[in-house]
Amino acid sequence: MLAMLCRLWHSSFDMAVPYQIYRSADAFFANADRFNAAVSKSPDVLDFCCSSYWTQAAHRSLHRDDRSGAPFLAAHDAGAENWIVFAKGASWFWEPLENAWAFSCPLIGADSEAVVDLLESVCVGELGGASAFLIGGVAQGGSLQRVLNERQQSYRRLVEFEGMTSMSIDLTDGVDGYLARRSVKFRKSLRQSQRRVDDAGVVIEEAQGTWPEMFERILRIQQRTTKWLRGDDIFHHEGYLDFYGSLAESALGDGLLRLLFARQGDEDVAFILGADFRGTYRGLQMSYAAGHADLGIGNVLQFENLKRCAQAGITGYDLGMFAPYKERWTDVQVQFRNLLLIL
């Protein structure tokens, strides 16, 4: 749908913001490079989860049935420095493109005040005023949460509720600095796991080939994991299988994918999958065959991947959502909030 340039004034918000509107996902994702540049400048967000790689895969895989033919709303300001992006599905409110975990924040830009100004102007100019928005991926104590709370009195309703917790590793001082912050017990356990893996003849290699070839290897390992055999693996669900497949394929196409396999002889026994977005690694999946759990192969694979990321100049290592086993690896935990905003 043709994008149009507008200038609006709304006295209750007391602002004038020029913007360009997009009413289709195709038109919005055609501007992915400019959008991703704004994501990288946004404070307090999970960069990769807000990027076009994550949001496009989620919109077209996880929410495909709910959003087929449904309204789409995206806009940026005159300089394309600040963006909003929402879609409607089965819900009565506008929601982020990824609303499975709500890691993706739909308000993007370096200046949180300007981003909220943009949202308010688009709401009045395109939606006629009263509209509801679910805003996920808002960091607790971050600038976006502060701006929305400061303006709460001018809104019909603003409700906050708990979101996901993100766990990450700081690699700014490299692997040596990271290990120095770990406990003696952690380092000892890692050394012991490495010896067991070496003694078993397991080697770690970087993936080669096309994405279909890589994905076939991943699925062969996945089908031998404890979760798969138990019947509750995430890849049992077609939407999530499509999501990770399309996400990884697009990341590979742009040279961002990181995939390591652990092999014992001619057999793949484990993998770790993720992507690098503008200096931050985001983990996607890591699995190992149930019969190799006693080796501690997951720890060895994670640390090998971490070392390779540090060697490549990556300074942030996002482990994803909270899980107890990740706590001993983690330097920073950030609590995210979801906000329901009615303008």
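In this pair, H237 and Y240 present their aromatic rings perpendicular. The plane angle is above 60°, beyond the 30 to 60° band.
Between the side chains of D170 and T172, a donor-acceptor pair is found at a separation under 3.5 Å.
With sequence neighbours left out, the ring pair (Phe, Tyr, Trp, His ring centres under 6.0 Å) criterion links H236 to W228. Residues forming a salt bridge (Lys or Arg N to Asp or Glu O under 4.0 Å) with R263 (at least two apart in sequence, or on another chain): E205, D268. Under the salt bridge (Lys or Arg N to Asp or Glu O under 4.0 Å) criterion, R282 pairs with D318, sequence neighbours left out.
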Can you check side chain to side chain donor-acceptor pair (under 3.5 Å) on Q302 and Y317, steps first, answer last? CA-CA 11 Å; Q302 184 85 267; Y317 193 102; 2.6 Å; yes
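Partner of H76 under the side chain to side chain contact (heavy atoms under 4.5 Å, CB included) criterion, chosen from F35, Y19, F28, Y22: Y22.
Remark: R258 is not positioned above the aromatic ring of Y281, lacking an NZ or CZ atom under 6.0 angstrom from the ring centre and at most 45 degrees off the axis.
A 4.5 Å side-chain heavy-atom check between I108 and V85 finds every atom pair outside the cut-off. You'll find the side chain of I84 stays beyond 4.5 Å of the side chain of P106, heavy atoms only. Taking the side chain as every heavy atom from C-beta outward, R224 and E267 approach each other to under 4.5 Å.
Taking the six-membered ring for Trp and the full ring otherwise, the centers of Y244 and F235 sit less than 6.0 Å from each other. Here the two rings, on F86 and F72, have centers that are 6.0 Å apart or farther.
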